[in-house]
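We name chains A, B, ... by the order of the sequence lines, and we start the count at 1 in each one.
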Amino acid sequence: MILAKEKIRNYLWEKIKETYPISWNDLQLTFPPDISMGDLCFTFPFKLARLIKKNPRQIAEEIAEKLKDLEDVAKIEIAGPGYINLFLNQERFFLERLRSLDQSQLRPEERKIIVEHTNINPNKAAHIGHLRNACLGDTLVQCLRYKGEKVEVQNYIDDTGVQVVDVVFGFMELEKKSLEDLEKIPGRFDYYCWDLYTRVSAFLSAHPEAQAKKAEILRKIEHGEPPEAQYAYYISRRILKAHLATMKRLGITYDVLPCESSILALKFWEKAFQLLKEKGGLIYSEDGPNKGCWVMRLEGDQEREKVIVRSDGTVTYVGKDIAYQLWKFGLLGGDFYYEPFQQENGHIIWITTSEPRECPVSFGRASKVYNVIDVRQSYLQKIVAQGLKVLGYEEQADKSIHFSYEMVALSPKSLKELGFEVIEEEKERSFYEVSGRKGLGVKADDLLDRLESKALAEVEKRNPELSQEEKINIARQIACGSIRYFMLRFARNSLLIFDFDEALNFEGETGPYLQYTGVRLNSIFRKLQEREGFQPADLSAWINSEFLPLDGMDEKERSHFWELVIYASQYEETILESIYTLEFAHLAKFAFNLCQKINSYYHLYPILNEKNQDLRKIRLLTVAYVLAILKKLLALMGIPLPERM
RNA sequence: GCGCCUGUAGCUCAGUGGAUAGAGCGACGGACUCCGGAUCCGUAGGUCGCAGGUUCGACUCCUGUCAGGCGCGCCA
């Protein structure tokens, strides 16, 4: 109802802008606390009262006069000390909304947007912490695309970092495995490395002298020297495939996979370093603790310096990130080469390479960038943005958005369920941080497997007549919907303390509840078709007629109907608001509330058994309207809608 | 020490300065020969951490304070 509100605001604005000291922004339309008080509400009389020293109620009455001729508004009431409550013309509004269901009222604002998410180190299996990142990131992508933006999804692969080095170390030094041996490891390679990684971490902390060997491996990998670099390549690619498969189970995919190895080989950092030195963004530290390093000073905090280039001349992680960020905006003056990494249903996932070749695609050059990274990296993300700023790219720095969110932790109960013992001094903690290093976490695929088998058991119970294949397919959709809703339902600043009972629940505020609602609404139309040959065309005929028999409803039903329609009509505002605040819990809650309302509605007002044709028509239209919106919302959240469940 | 975040029902969490602070879970009690009970309806449960301030109006903004978390590496 964005346009509907705009229309009323514009109408009033034209009438009062000359006579009252008021700005367009003051004319916000809010919702009264209860639908019986009105559909929309102006509160600006209170502000105005202060400015022109008049009673707000009197102002409200004066202004309400001016809205009288607007045909969208059926009634105006002045309430309390000066609220202007509007009642909309219900028939007109509902018909208009039904007819414009397929036309989005949102408009794009950017030339191109890059969303970077997932970014799992390719040295172990994905865990629930990574799921939160990917689910938030993908929902942002879907919402931006709905808004009409051109979006490019990047998943950064740190294939030469210390985490991969640890696993290379494990294979070479601890397991003494050759590359051929690695290729022979059967089954879930990411799971194998999950265990190996924790063994390496334990080994390294017990044998500090082994750090030298590790540093040597890192150096060789960074310079592409065999065989270490080949190990790293093999491991990172095989695990990357596992990660992509995991994310595919959740309906999440990517456009391009920029690799750190490519950034190194193509000397992106050297280019960025040159720029930073020229513009004076980096300072060479002559003495003090950072002697011999190139450092950056954080704005407003001259005390603290962040080392970008170490005294041995190597670049830190932040430095590489600045180069990558510059590339995303097309400011680096260089590009990667690309080759297809995977292909599915005609969609190619490209990966970067440093080997020159003809490329049919190119990436980057965005006007806005979202980096989906947990809150612990806030400081570093600030430095990355600062890097752009000192180069004079103020605008790009402002459009480098750190989409931060709190981490995922484990409840004490979940920890116990995973078979971990809590050490004495940590007994008091109410949560435990997920740690790949310690092997402490719930693997994404394990969680999905558990959800699928639980869902399958439920489907068996409810729909025994379906084929095994159908049942499995439904169970997969339920598992996916369950996780995706779960990862979205908490505000991003809220620490997500993972609990198995909660995550495996299919009742109440859960993904399956939303799916179930959709399935049942669909089944109303299916039944109607089976019994009476009802066709979708019948619906559009009603929508295109000039008349809706709203008066056939009694007072109680009419208010239920109207409350539902008004609520449902706010979906695009909610999408927009979720994008602006990066708070997709709003979107999730909105979908959930909508489901509660429609469930309650059709429980109260039967359709198939209703004899009164007018009532039947209105109820059907209402259900069709809500269902159409619910389908949009589910798609945005990546929650599949099964045929049955 | 400095910076950021969080304190709301027994538990997990919502709550663009606006009217009577809401959900889910858990507990208790109910539901139509019905379009699917993964549903619906009801009951109980709150000094919105504490104290000031701004405002016609504060869970929301400001200040202080207490409690918890996370950052502040020549790690990534």
Using purine N1 to pyrimidine N3 plus N6-O4 or O6-N4 for Watson-Crick, or N1-O2 and O6-N3 for G-U wobble, both under 3.5 Å, which nucleotide pairs with [N]?
{"N": "rA9(B)", "answer": "none"}
{"N": "rU33(B)", "answer": "none"}
{"N": "rC72(B)", "answer": "rG1(B)"}
{"N": "rA21(B)", "answer": "none"}
{"N": "rU47(B)", "answer": "none"}
{"N": "rG52(B)", "answer": "rC62(B)"}

Taking the inter-plane angle between the rings of F273(A) and W269(A) on a 0 to 90° scale, is it parallel (under 30°), tilted (30 to 60°) or perpendicular (over 60°)?
-> parallel
Just say parallel, tilted or perpendicular for the rings of F46(A) and Y83(A), cut-offs at 30° and 60°.
-> perpendicular
Distance test, side-chain N/O of [X] to OP1/OP2 of [N], below 4.0 Å:
{"X": "Q596(A)", "N": "rG24(B)", "result": "yes"}
{"X": "K527(A)", "N": "rG36(B)", "result": "yes"}
{"X": "T316(A)", "N": "rC74(B)", "result": "no"}
{"X": "R310(A)", "N": "rC75(B)", "result": "yes"}
{"X": "N599(A)", "N": "rU39(B)", "result": "no"}
{"X": "R520(A)", "N": "rG37(B)", "result": "yes"}
{"X": "Y405(A)", "N": "rC4(B)", "result": "no"}
{"X": "H586(A)", "N": "rG15(B)", "result": "yes"}

Whole-Å distance separating the [atom1] atom of [X] from the [atom2] atom of [N]:
{"X": "F31(A)", "N": "rG17(B)", "atom1": "CZ", "atom2": "P", "value": "15 Å"}
{"X": "R489(A)", "N": "rU12(B)", "atom1": "CZ", "atom2": "P", "value": "12 Å"}
{"X": "M407(A)", "N": "rA76(B)", "atom1": "CE", "atom2": "P", "value": "21 Å"}
{"X": "L488(A)", "N": "rA23(B)", "atom1": "CG", "atom2": "P", "value": "21 Å"}
{"X": "R437(A)", "N": "rC75(B)", "atom1": "CZ", "atom2": "P", "value": "14 Å"}
{"X": "F46(A)", "N": "rA58(B)", "atom1": "CZ", "atom2": "P", "value": "13 Å"}
{"X": "N463(A)", "N": "rA38(B)", "atom1": "CG", "atom2": "P", "value": "10 Å"}
{"X": "K461(A)", "N": "rG36(B)", "atom1": "NZ", "atom2": "P", "value": "18 Å"}

Would you mind telling me which of L587(A), T139(A), I483(A) makes a side-chain contact (heavy atoms from CB on, under 4.5 Å) with L488(A)?
-> T139(A)
What's the closest nucleotide to the side chain of [X] if the choices are [options]?
{"X": "P512(A)", "options": "rG24(B), rU12(B), rA38(B)", "answer": "rA38(B)"}
{"X": "E502(A)", "options": "rG36(B), rU12(B), rA76(B)", "answer": "rU12(B)"}
{"X": "S600(A)", "options": "rA76(B), rC41(B), rA14(B)", "answer": "rC41(B)"}
{"X": "Y516(A)", "options": "rA38(B), rA76(B), rG18(B)", "answer": "rA38(B)"}

Compute the ring centroids of F498(A) and F431(A), then answer whether they are less than 6.0 Å apart.
-> no
Is there a donor in the side chain of S261(A) and an acceptor in the side chain of D159(A), or the other way round, less than 3.5 Å apart?
-> yes
Under 6.0 Å from the NZ atom of K5(A), do we count more than 12 heavy atoms belonging to anything else shown?
-> yes
When you look at CG of D312(A), are more than 12 heavy atoms from neighbouring residues, nucleotides or ligands closer to it than 6.0 Å?
-> yes
Closest-nucleotide 5' rank along RNA chain B - winner of Y379(A) and R531(A) = R531(A)
So which one's nearest nucleotide on RNA chain B is more toward 5', P289(A) or N493(A)?
-> N493(A)
Counting distance alone, no hydrogens or angles: does the base of [N] have a donor or acceptor under 3.5 Å from a partner atom on the side chain of [X]?
{"X": "R462(A)", "N": "rA38(B)", "result": "yes"}
{"X": "S311(A)", "N": "rC74(B)", "result": "yes"}
{"X": "N85(A)", "N": "rA19(B)", "result": "yes"}

For Y405(A), the ring-ring contact (aromatic ring centres under 6.0 Å, His included) test, sequence neighbours excluded, returns none
With heavy atoms under 4.0 Å as the rule, sort D34(A) into base, sugar-phosphate or nothing.
-> nothing
Base, sugar-phosphate, or nothing for R429(A), non-hydrogen atoms under 4.0 angstrom?
-> sugar-phosphate
With centres under 5.5 Å and planes under 30°, do Y83(A) and rA19(B) count as stacked?
-> yes
